[in-house]
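Worksheet: one structure, shown below.
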Protein chains: 2
Amino acid sequence: MIDETQRVKDWELLAQFSQAYRTLSDAFMEQITMHRAQATVLCKLFMQDGLTQSEIAQQLAVQGATVTDMLQRMEENKLVTRRRDPEDNRLVRVYLTEEGRKRERAITEQFLKLESHIFEAFDEHERAQLRHLLTRMLHNMTSER
Amino acid sequence: MIDETQRVKDWELLAQFSQAYRTLSDAFMEQITMHRAQATVLCKLFMQDGLTQSEIAQQLAVQGATVTDMLQRMEENKLVTRRRDPEDNRLVRVYLTEEGRKRERAITEQFLKLESHIFEAFDEHERAQLRHLLTRMLHNMTSER
DNA sequence: CCCTAATCATTAGTACCCTAACGATATATC
DNA sequence: GATATATCGTTAGGGTACTAATGATTAGGG
């Protein structure tokens, strides 16, 4: 008989990991005076400027209301500007400011540092293995039904 | 040359996973009218009643202030009671109420459901592999320096 | 015994994330 | 063209998380 009261359940491990990832990335971003979620939004804009708010919400897998709040703070801090799309007035398109664009290097470097910290002592085979497992779990978690 | 602009970076995968886990567990807990973090606290108390707040903070890997807020809400909702430890008056010990204890079955079942949803189509070997990789990352993430 | 340092919990302020309800705009159907 | 439906963003309210500052209690060193 395995002692059920002692064994760490898998969901506990996932919860711990999820929490630890956020805490650590908060700490890394704080080193360059950024917030985790805001840095992530900027990363999306580095790849493609002028995304709509709902596109950002979808890419971050958060609700639209969350994005509204975040972008309001980011606009106050002059990291982005927001303009209605003239083609479709429902859409709000988000653009990097000069100030936002200036942070590209620091942010991408910091995310790479975070990555190498987390994968300390991992070889490429193990990273590939992990990618595969995470991708499958992600599929299970986000698929309908 | 690999096209760096296309490949999903590992930190993005970790961030996605972390977000998806929270969203999904929020959804599962919402089905039984509970909040993710509060359910986790109750689980710790199911294992060991009368934990102090700092012990709970350590087990959840969050700051003490976070636990204070959570437990105040949980006490208002009659899920737990809090009493100062007579041996050491700095400590606040947290105890399950009858109401809190009543939720044990529903909560543990719901976490198991969550687990089997996430690990759909995983065999035991793959789960063991994942446990190993996650544990090592967790170690990298939480170790000093 | 007193003073200092350590530990524990709380408060205040901020950011992130959710749901629910709502207003504005665009599209589809008649 | 008018009405119905869908989409997009905002607001309001609540839960989860952080840091920094504070107060209360305990433990240690002289």
Side-chain angles (χ1 to χ4, degrees), chain A residues 15-16 18-31 33-42 50-77 79-94, chain B residues 15-16 18-31 33-42 50-77 79-94:
Chain A
Q16 271 177 44
S18 177
Q19 174 60 21
Y21 176 76
R22 278 161 179 261
T23 301
L24 190 64
S25 48
D26 281 346
F28 268 74
M29 286 307 131
E30 208 254 327
Q31 287 175 11
T33 338
M34 285 289 318
H35 297 285
R36 172 177 39 82
Q38 294 186 11
T40 309
V41 168
L42 290 184
L51 289 169
T52 67
Q53 295 198 181
S54 51
E55 286 170 339
I56 292 173
Q58 201 209 331
Q59 290 195 29
L60 301 193
V62 299
Q63 294 308 115
T66 303
V67 174
T68 295
D69 292 344
M70 246 166 38
L71 289 175
Q72 282 173 351
R73 283 188 291 268
M74 291 174 76
E75 191 163 38
E76 283 169 20
N77 296 341
L79 292 170
V80 298
T81 58
R82 295 186 295 164
R83 292 196 292 280
R84 290 271 169 190
D85 186 326
E87 306 286 311
D88 184 341
N89 253 287
R90 292 171 304 181
L91 306 181
V92 172
R93 294 201 174 271
V94 184
Chain B
Q16 272 177 44
S18 176
Q19 174 61 20
Y21 176 76
R22 278 161 179 259
T23 300
L24 190 65
S25 49
D26 281 346
F28 267 74
M29 288 307 131
E30 208 255 329
Q31 285 175 12
T33 339
M34 286 288 319
H35 296 284
R36 172 177 38 83
Q38 294 186 10
T40 309
V41 168
L42 290 183
L51 289 169
T52 67
Q53 296 197 179
S54 51
E55 286 168 340
I56 292 174
Q58 201 210 330
Q59 289 195 29
L60 300 193
V62 298
Q63 295 306 115
T66 303
V67 173
T68 296
D69 292 343
M70 245 165 39
L71 289 174
Q72 282 173 352
R73 283 188 292 266
M74 291 174 75
E75 191 164 37
E76 283 169 19
N77 297 341
L79 292 169
V80 299
T81 57
R82 294 185 297 162
R83 291 197 292 280
R84 290 272 168 190
D85 185 326
E87 306 286 310
D88 184 341
N89 254 289
R90 291 170 304 181
L91 307 181
V92 173
R93 293 200 173 272
V94 184

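Throughout, protein chains are lettered first and strands after them, A, B, ... in sequence-line order, and every chain is numbered starting at 1.
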- Item | Any B:Thr66 side-chain nitrogen or oxygen under 4.0 Å from OP1 or OP2 of D:dC18 | yes

- Sugar-phosphate only, base, or nothing, as touched by B:Ala27 at under 4.0 Å among non-hydrogen atoms: nothing

- Item | Proximal nucleotide (of D:dG9, D:dT11, C:dT10) relative to the B:Val92 side chain | C:dT10

- Checking all strands, does A:Ser54 fall into the base, sugar-phosphate, or nothing category for heavy-atom contacts under 4.0 angstrom? sugar-phosphate

- Pair B:Gln53-B:Arg93, side-chain donor/acceptor within less than 3.5 Å: no

- Would you indicate what B:Gln53 reaches in the nucleic acid, counting non-hydrogen atoms under 4.0 angstrom: base, sugar-phosphate, or nothing? sugar-phosphate

- Item | Short side-chain donor-acceptor distance under 3.5 Å, B:Gln58 and B:Ser54 | no

- Query: In whole Å, what is the span from the CG atom of A:Leu91 to the C1' atom of C:dA24?
  - Reply: 12 Å

- CD of B:Glu30: more than 12 outside heavy atoms within 6.0 angstrom? no

- Query: Are OP1 or OP2 of D:dT16 and a side-chain N or O of B:Gln19 less than 4.0 angstrom apart?
  - Reply: no

- Whole angstrom is fine here: how far is it from CG in A:Asn77 over to P in C:dC16? 10 Å

- Message: Between A:Thr68 and B:Gln63, which residue's closest nucleotide on DNA chain D lies nearer the 5′ terminus?
- Response: A:Thr68

- Query: Picking from D:dT11, D:dC18, C:dC16, which would you name as closest to the side chain of A:Gln38?
  - Reply: C:dC16

- Query: To the nearest 0.5 Å, what is the distance between CD (A:Gln38) and CG (A:Leu79)?
  - Reply: 6.5 Å

- So what does B:Arg82 touch, heavy atoms closer than 4.0 Å: a base, only the sugar-phosphate, or nothing? sugar-phosphate

- Task: Would you kindly give the CZ-to-P distance between A:Arg90 and D:dG9, to the nearest whole Å?
- Result: 9 Å

- Determine the contact category for A:Glu30: base if any of its heavy atoms lies under 4.0 Å from a base atom, sugar-phosphate if only primed atoms, P, OP1 or OP2 are that close, otherwise nothing. nothing

- By nearest-nucleotide position on DNA chain C, the 5'-leaning member of A:Glu87 and A:Ala65 is A:Ala65

- Side-chain contact check for B:Asn89: nearest option of D:dT11, D:dT26, D:dC18 is D:dT26

- A:Ala37 side chain, from C-beta outward: closest of D:dA17, D:dC8, C:dC16: C:dC16

- Of the candidate nucleotides C:dC16, D:dA17, C:dA9, which contains the atom at the shortest distance from the side chain of B:Thr52? C:dA9

- In whole angstroms, how far is the C1' atom of D:dC8 from the CZ atom of A:Arg93? 12 Å

- Task: Nearest whole angstrom, please: distance from the C1' of D:dT10 to the CZ of A:Arg84.
- Result: 9 Å

- No-hydrogen, no-angle side-chain donor-acceptor test under 3.5 Å, B:Gln72 and B:Thr68: no

- Item | Spacing of B:Thr52 atom OG1 and B:Asp88 atom CG [to the nearest 0.5 Å] | 9.5 Å

- Query: Which part of the nucleic acid does B:Arg73 contact within heavy-atom distance under 4.0 Å: base, sugar-phosphate only, or nothing?
  - Reply: base

- Separation of B:Glu55 atom CD from C:dT7 atom P, in whole Å? 15 Å

- Nearest-Å distance for atom pair CE/C1', residues B:Met29 and C:dT19: 18 Å

- Item | Whole angstrom value for the distance that separates P of C:dA15 from CG of A:Leu71 | 14 Å

- Item | From D:dT11, C:dC16, C:dT11, nucleotide with atom closest to A:Arg36 side chain | C:dC16

- Under 4.0 Å between any heavy atoms, over every strand shown, what does B:Asp26 touch: base, sugar-phosphate, or nothing? Just pick one. nothing

